[in-house]
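Here is the naming used below: chain letters follow the sequence lines, and residue numbers restart at 1 for every chain.
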Protein chains: 2
Amino acid sequence: MQAPVVHDEKTCQVREILDRVGDKWSLAVVNELGNGTLRFTELKRAIGGVSQRMLTATLRNLERDGLVLRTVHPVIPPRVDYELSDLGRTFLQTAWSLMNWANDHAADIIAARARYDT
Amino acid sequence: MQAPVVHDEKTCQVREILDRVGDKWSLAVVNELGNGTLRFTELKRAIGGVSQRMLTATLRNLERDGLVLRTVHPVIPPRVDYELSDLGRTFLQTAWSLMNWANDHAADIIAARARYDT
DNA sequence: CCGTATCCATTTCGATACTG
DNA sequence: CAGTATCGAAATGGATACGG
């Protein structure tokens, strides 16, 4: 007799991954790094509206998940480069199609909300 | 002279949309409804691991955003059907490619995390 | 059956101050 | 420059109870 499996293990993993890499700032970071290597401050400015705290946390997670490579140059002042890993680049196409979808249908969605709120 | 625009309006909208439709339960719902119409309880069972509260909230948001159609049948006991709208179906391909990516690279990511945590 | 309402613990996140 | 540390407000989400 087996203890009941409440929900599929793999499915749960996939959901957790989607929640991480699919979040607002992760997508923004991957998008920016899709154009090439950037430093912390360049990323922050390029994305816009992200706090230092959130950008740091997002980059740490992406690095931990193997999507982003972090290179520290031992100079003063410090210089840290961020770039997509091979794994990160496999995500680019998907990320872009997601962002394109949102961009293409933003007006529809805003309109749908206005209708619903009436 | 113009007040400085902190961050692009449209970009911000797109991010907000991505955060909504790209979240864990929204993707799960869209995925399930991709196979056809389902009732509330069927959805809940099909997804697994989602609380009634979260499923309700997720469905409301998707309905409000115009991705999901909700049909109430005035019978006792109540019967409510959920299905994708045309807009919702335009999202299916993207959602699936996202889920496939996560599924295909889950092992890589888990491995990367294990390496990082050492 | 399909919700809503309430409570409560946990998490999230911006702001701020500080460091090598 | 590129962070870390800390604080407090706000949002999130599970559990539970209740209603049409």
Side-chain angles (χ1 to χ4, degrees), chain A residues 4-7 11-12 15-29 32-33 36-65 68-83 116-117, chain B residues 4 6-7 11-12 15-29 32-33 37-65 68-83 116-117:
Chain A
V5 175
V6 176
H7 48 276
T11 303
C12 197
R15 270 181 208 153
E16 193 266 342
I17 288 170
L18 285 174
D19 232 27
R20 278 232 165 289
V21 304
D23 93 290
K24 196 166 51 164
W25 300 128
S26 293
L27 285 171
V29 165
E32 292 301 332
L33 294 184
T37 301
L38 287 175
R39 300 176 60 172
F40 185 85
T41 309
E42 290 171 336
L43 253 179
K44 187 165 177 348
R45 187 179 46 238
I47 291 175
V50 63
S51 68
Q52 192 167 28
R53 190 190 198 291
M54 286 311 294
L55 183 55
T56 302
T58 301
L59 285 167
R60 284 293 173 283
N61 282 326
L62 289 173
E63 188 195 359
R64 185 167 106 98
D65 288 357
V68 161
L69 265 26
R70 179 171 179 268
T71 311
V72 180
H73 301 279
V75 296
I76 291 176
R79 177 192 180 100
V80 181
D81 285 337
Y82 291 95
E83 61 186 317
Y116 185 90
D117 292 344
Chain B
V6 176
H7 49 276
T11 302
C12 198
R15 271 181 206 152
E16 192 266 342
I17 288 170
L18 286 174
D19 233 26
R20 279 233 164 287
V21 305
D23 92 289
K24 200 167 46 165
W25 300 128
S26 293
L27 285 172
V29 165
E32 292 300 333
L33 294 185
T37 301
L38 288 174
R39 301 177 59 173
F40 185 86
T41 310
E42 292 171 336
L43 252 180
K44 187 165 176 349
R45 188 178 46 240
I47 291 175
V50 64
S51 68
Q52 193 167 25
R53 191 192 197 299
M54 285 312 294
L55 183 55
T56 302
T58 301
L59 285 168
R60 283 294 173 281
N61 282 326
L62 289 173
E63 188 196 358
R64 185 167 107 98
D65 288 357
V68 161
L69 265 25
R70 180 171 179 266
T71 311
V72 181
H73 301 278
V75 296
I76 293 177
R79 175 190 182 104
V80 181
D81 286 337
Y82 292 96
E83 61 185 318
Y116 185 91
D117 293 343

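The shortest distance between the side-chain N/O atoms of A:T41 and the OP1/OP2 oxygens of D:dA2 is below 4.0 Å.
In this structure, A:F40 and A:Q52 have side chains that are in contact, with non-hydrogen atoms separated by less than 4.5 Å. Side chains of A:L43 and A:L59 form a contact here, defined as non-hydrogen atoms less than 4.5 Å apart. Contact check for B:I47 versus B:W25: side-chain heavy atoms found under the 4.5 Å cut-off. The shortest side-chain heavy-atom distance between B:L33 and B:L62 does not fall under the 4.5 Å cut-off.
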Show the distances under 3.5 angstrom between N or O atoms of the protein and N or O atoms of nucleotides 3-9 of chain D.
{"unit_1": "D:dG3", "atom_1": "OP1", "unit_2": "A:R60", "atom_2": "NH2", "d": "3.1"}
{"unit_1": "D:dG3", "atom_1": "OP1", "unit_2": "A:R70", "atom_2": "NE", "d": "3.4"}
{"unit_1": "D:dG3", "atom_1": "OP1", "unit_2": "A:R70", "atom_2": "NH2", "d": "2.6"}
{"unit_1": "D:dG3", "atom_1": "OP2", "unit_2": "A:Y82", "atom_2": "OH", "d": "2.5"}
{"unit_1": "D:dG3", "atom_1": "N7", "unit_2": "A:Q52", "atom_2": "OE1", "d": "3.4"}
{"unit_1": "D:dG3", "atom_1": "N7", "unit_2": "A:Q52", "atom_2": "NE2", "d": "2.4"}

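In this entry the distance linking CE of A:M54 with P of D:dA10 reads 18 Å, nearest Å. The NE2-P distance, from A:H73 to D:dA2, rounds to 10 Å in whole Å. Rounded to an integer number of Å, the gap from CD of A:E16 to C1' of D:dG13 is 16 Å. Put simply, CG on B:N61 is 14 Å from C1' on D:dA11, counting in whole angstrom units.
Each of A:P78 and A:D19 lies near DNA chain D, and the nucleotide nearest A:P78 is the one positioned closer to the 5' end. Each of A:P77 and A:V50 has a nearest nucleotide on DNA chain C; the 5'-most of these lies closest to A:V50.
Proximity of a side-chain donor or acceptor of A:K24 to a complementary backbone N or O of B:L18 within less than 3.5 Å is not detected. Looking only at distances, a side-chain donor or acceptor of A:E42 sits under 3.5 Å from a matching main-chain atom of A:R39.
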Going through the distances and angles, do B:D23 and B:S26 end up as a side-chain hydrogen bond (donor to acceptor under 3.5 Å, both in side chains)? CA-CA 5 Å; B:D23 92 289; B:S26 293; 2.5 Å; yes
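Nucleotides of DNA chain C lying under 4.0 Å from heavy atoms of chain A occupy a range whose first and last members, 5' to 3', are C:dC13 to C:dG20.
Note that CD of A:E32 is 7.0 Å distant from CG of A:L38, once rounded to the nearest 0.5 Å.
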